[in-house]
Amino acid sequence: MNYPNLFSSFSIRNLQLKNRLMMAPMESHLGNADGSVSPELIAYYRERALGGVGMVVVEFTCVDGHDGFSSLAPQLRLDTPFFRTGHGKLAAAIQSAGARACVQLSHAGRQSRESVIGRQPVAPSAVPLKSPYLNATPRALEAHEMERLIQRYAAAAAMAVQAGYDAVMLHGAHGYLLQQFLSPLVNQRNDEWGGDFERRLRFPLEVIRAVRAAIGDRPLLYRLSVSDFIEGGLTIEDGERIAPRLCEAGVDAIDISCGSLDRVDVIVEPMSVPEGWRLPMARRIREATGKPVICAGVIRRPEAAEAAIAQGDTDVISLGRALLADPLWPKKAQAGKADDIRPCTSCNWCIKETGGNRGVGCAENPRCGHETDPLIDRFGQGHRAAVVGAGPGGITAALLLDQAGFQVTLYEKRAALGGNLVSSATPPGKEKLFWYRDFLLRRLAASSVTVRTSAVVTAEQLRNDQPAVIVLANGSRQAPLPLEGSKGLSTGPAFEVLLGEGHLPQSSADRPIVIYGGGETGTETAEHLAKLGQHVLLVSRSGAQFLARNAEPLYRMHLLKRLHANTAIRILDHTRLTAVEDDHVMLKTGDAEPRPQPASAVLLAHGLVPDTALADALADVPVPVIRIGDARTVARIGEAVRDAYRGVQDLRLSFLQTEAIRC
């Protein structure tokens with residue numbers, strides 16, 4: 001059998017799981033506006049249950065609509081019997097798809113939003129929260145309020161059992177209320193609910209006992225941040241003391257996590273974090289409790305998951321973002337088709353979507369969050385399609401059109417495929433994006449798509465070929481930049497360096513490579529060149545605080561720390577490039593006069609605009625011309641992939657339905 005440890009059965013309390021894989025709880029924003037379960041939410045969870053996990057844990061579900069919400073977007077509730085019916089349908093859908101169903105119960109405490117709950121958030125103590133995601137000053141809970149909160153957890157757990165869930169999980173991680181009581185930074189009380197280690201434990205222990213009484217013999221799981229990764233906060237040593245006490249009170253398994261809103265980067269790690277980084281902590285908690293542990297933490301490949309089980313690091317692997325990218329991860333792994341798993345690269349496009357109060361999405365899997373969409377059938381049988389540009393959007397469009405039955409030709413002007421995937425994967429810490437590039441190339445090789453590389457396709461050629469549909473994924477071009485001077489110094493686009501094109505002379509601290517533009521491309525090119533031994537002067541028109549301003553926030557946090565610590569990179573902000581001469585550039589800072597700066601080369605990263613030349617030349621063709629990705633608007637990989645998917649879905653409607661109504 002493939003991965004025999006991973007696909008062995010396992011029991012938590014008296015509940016048997018068919019394998020050691022669990023879907024981690026992740027907010028989806030797919031519920032109804034009132035917090036009830038929607039058809040879209042059921043379809044989302046059912047698709048992942050059908051993918052083969054042993055258990056699905058439904059996202060954080062509020063136990064107290066009075067003051068427990070943590071999200072601006074719809075958050076699930078289970079605080080009155082009204083919500084029980086929807087949860088019953090959800091649990092049944094998960095179970096009928098072959099997985100066990102668990103619900104995570106949550107109260108946000110000081111991480112509730114006053115704009116949502118209409119009142120000041122509550123917490124153990126009135127300690128302000130200052131996070132990039134939320135600033136809040138809570139009021140301290142009165143001692144007499146504790147029993148009401150404990151009973152809210154118990155009542156929600158009882159309703160979860162009535163709804164048919166197989167297990168219940170308490171959310172005691174990520175800075176939510178249960179963790180707030182444990183934290184010496186947040187719980188600064190000096191009464192029976194706080195003051196020392198034992199008293200800080202009291203509220204979580206009372207909640208566990210009440211929930212245990214409410215759910216009977218069903219398994220009780222507890223998600224625990226075993227370390228805050230904040231000075232003065234909880235450490236893994238604290239976790240080793242806390243976890244056994246939780247188990248003594250009635251917890252059957254500990255789900256290992258870390259962090260809070262103060263350190264979101266250890267909850268949903270950026271791309272540079274290595275695979276399986278939490279496993280050593282999981283092993284320590286497993287040894288401390290003697291109870292089953294569940295571990296997430298950038299576990300992406302089946303071989304890594306198998307090794308973690310075989311070596312005794314953890315008992316169950318919790319897949320989060322990996323199941324957004326590919327719901328069929330378990331079935332593909334069990335079938336020995338690991339190379340066919342669409343890999344999660346930790347790009348956190350999913351976090352960008354939910355952080356923008358939209359439904360969950362995935363940069364690589366455009367169906368994520370849209371599971372009620374019709375499947376792409378072979379509506380294009382007998383027709384031809386042309387796709388121009390083989391970046392992530394173009395390859396996605398070609399594969400989807402091939403799936404739809406079209407005879408597809410994919411044109412790429414460069415000798416290699418990948419486009420922005422290559423330039424995005426080249427900077428330090430972003431190597432996981434090559435996983436996705438390689439996955440797409442394997443999919444292309446297994447498809448019927450005809451690939452033409454080193455092919456500059458023209459409007460005349462496309463007109464002569466007469467395809468039934470044309471997809472333009474030909475990307476962007478540099479924004480105009482008027483420069484004075486002789487321009488004798490080697491000058492070119494920064495992204496071409498990331499694509500491995502061209503040759504740069506060796507630089508020095510006195511004569512660096514000048515990169516003009518402090519966005520994501522400019523900063524990443526600077527770090528890439530420094531790693532190659534070059535010296536870089538990064539020139540930005542904006543202030544240094546705005547460097548890489550459009551990058552994914554958690555990745556940006558780490559990127560900026562590395563940039564400022566790198567002695568081979570000098571940053572010059574509030575400065576414009578005005579001229580390029582034979583051996584220097586002219587730089588103008590603020591209102592000062594332009595001054596010369598010796599340089600070995602100039603790389604331009606001042607901005608991109610869509611390349612519309614081909615689209616303009618095809619404006620009169622009598623077939624659909626679909627612009628996607630940077631050819632439509634300069635954005636990210638996820639937008640390009642989504643454009644491709646939406647374009648093919650819209651094309652399906654136009655092919656299958658020529659007239660909406662006939663009355």
Side-chain angles (χ1 to χ4, degrees), residues 5 8-25 53-61 63 78 91 94-95 99-106 150 153-174 176 178-179 182 201 203-226 239-257 278-279 281-296 308-309 312-319:
N5 290 284
S8 62
S9 62
F10 185 72
S11 292
I12 300 177
R13 202 177 181 92
N14 57 0
L15 182 69
Q16 187 172 25
L17 308 181
K18 65 184 179 183
N19 57 42
R20 306 293 190 98
L21 291 169
M22 173 186 292
M23 178 182 177
V53 291
M55 178 183 281
V56 169
V57 183
V58 172
E59 64 202 79
F60 65 160
T61 297
V63 302
L78 191 50
I94 292 168
Q95 291 157 348
R100 300 292 193 175
C102 177
V103 63
Q104 184 188 60
L105 302 180
S106 171
I150 292 167
Y153 278 100
M159 285 185 279
V161 170
Q162 294 160 9
Y165 283 107
D166 299 297
V168 169
M169 175 184 283
L170 292 174
H171 198 342
H174 304 169
Y176 289 94
L178 292 171
Q179 185 188 357
L182 291 172
L201 265 172
F203 183 76
L205 295 181
E206 293 286 353
V207 169
I208 290 167
R209 294 183 185 112
V211 169
R212 165 54 63 208
I215 67 174
D217 206 32
R218 279 177 169 78
L220 176 57
L221 287 58
Y222 194 104
R223 189 164 230 200
L224 177 66
S225 279
V226 297
E240 289 174 304
R241 295 174 64 199
I242 292 167
R245 299 292 299 278
L246 304 181
C247 294
E248 290 168 9
V251 167
D252 298 301
I254 301 290
D255 184 11
I256 307 299
S257 195
R278 287 185 194 154
L279 288 170
M281 292 184 283
R283 176 182 279 273
R284 290 176 65 166
I285 299 301
R286 187 172 187 256
E287 292 172 351
T289 62
K291 291 280 189 175
V293 297
I294 302 154
C295 188
I309 300 292
D313 292 327
T314 185
D315 296 285
V316 177
I317 299 294
S318 184
L319 297 176

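If you're wondering where the values come from, they're calculated on a predicted model, not measured in any experiment. Atoms considered below: every heavy atom in the structure, side chains included; atoms not considered: hydrogens, waters and symmetry mates.
Looking only at side-chain heavy atoms (C-beta outward), I94 and V58 come within less than 4.5 Å of each other.
Using modelled atom types, no side-chain atom of T289 and backbone atom of E287 make a donor-acceptor pair closer than 3.5 Å. One N or O on the side chain of D252 and one on the backbone of L220 form a donor-acceptor pair closer than 3.5 Å. With Q104 contributing its side chain and R223 its backbone, the two residues share no donor-acceptor pair below 3.5 Å. Remark: the backbone N or O of R283 is not paired with any side-chain donor or acceptor of D313 at under 3.5 angstrom. In this structure, the side chain of R286 does not engage the main chain of G290 through any donor-acceptor pair within 3.5 Å. Side-chain atoms of R218 come within 3.5 Å of backbone N or O of Y165 as a donor-acceptor pair.
Taking every heavy atom of both residues into account, L205 and A249 meet most closely at CD2-CB, 3.8 Å. Scanning both residues, N19 and G54, for their nearest heavy atoms gives OD1-N, 2.9 Å. Shown here for S8 and R20, the closest heavy-atom pair between the two residues is OG-NE, 3.3 Å.
Put simply, CZ on R278 and OG on S318 are 9.0 Å apart, with the number rounded to the nearest 0.5 Å. S9 OG to Q16 CD: the interatomic distance, rounded to the nearest 0.5 Å, is 4.5 Å. Remark: I12 CD1 to D166 CG distance equals 11.0 Å, nearest 0.5 Å. Atom CD1 in I309 sits 5.5 Å away from atom OG1 in T314 (nearest 0.5 Å). Remark: D315 CG to S11 OG distance equals 11.5 Å, nearest 0.5 Å.
Not a single ring-ring contact (aromatic ring centres under 6.0 Å, His included) links Y153 to another residue, sequence neighbours left out. Applying the ring-ring contact (aromatic ring centres under 6.0 Å, His included) rule to Y176 yields the partners H171; only residues at least two apart in sequence or on another chain are considered. The ring-ring contact (aromatic ring centres under 6.0 Å, His included) check on Y222 picks up nothing, with sequence neighbours excluded.
Within 6.0 Å of atom CZ in R241, 12 or fewer heavy atoms from other residues, nucleotides or ligands are found, so the atom counts as exposed in its surroundings.
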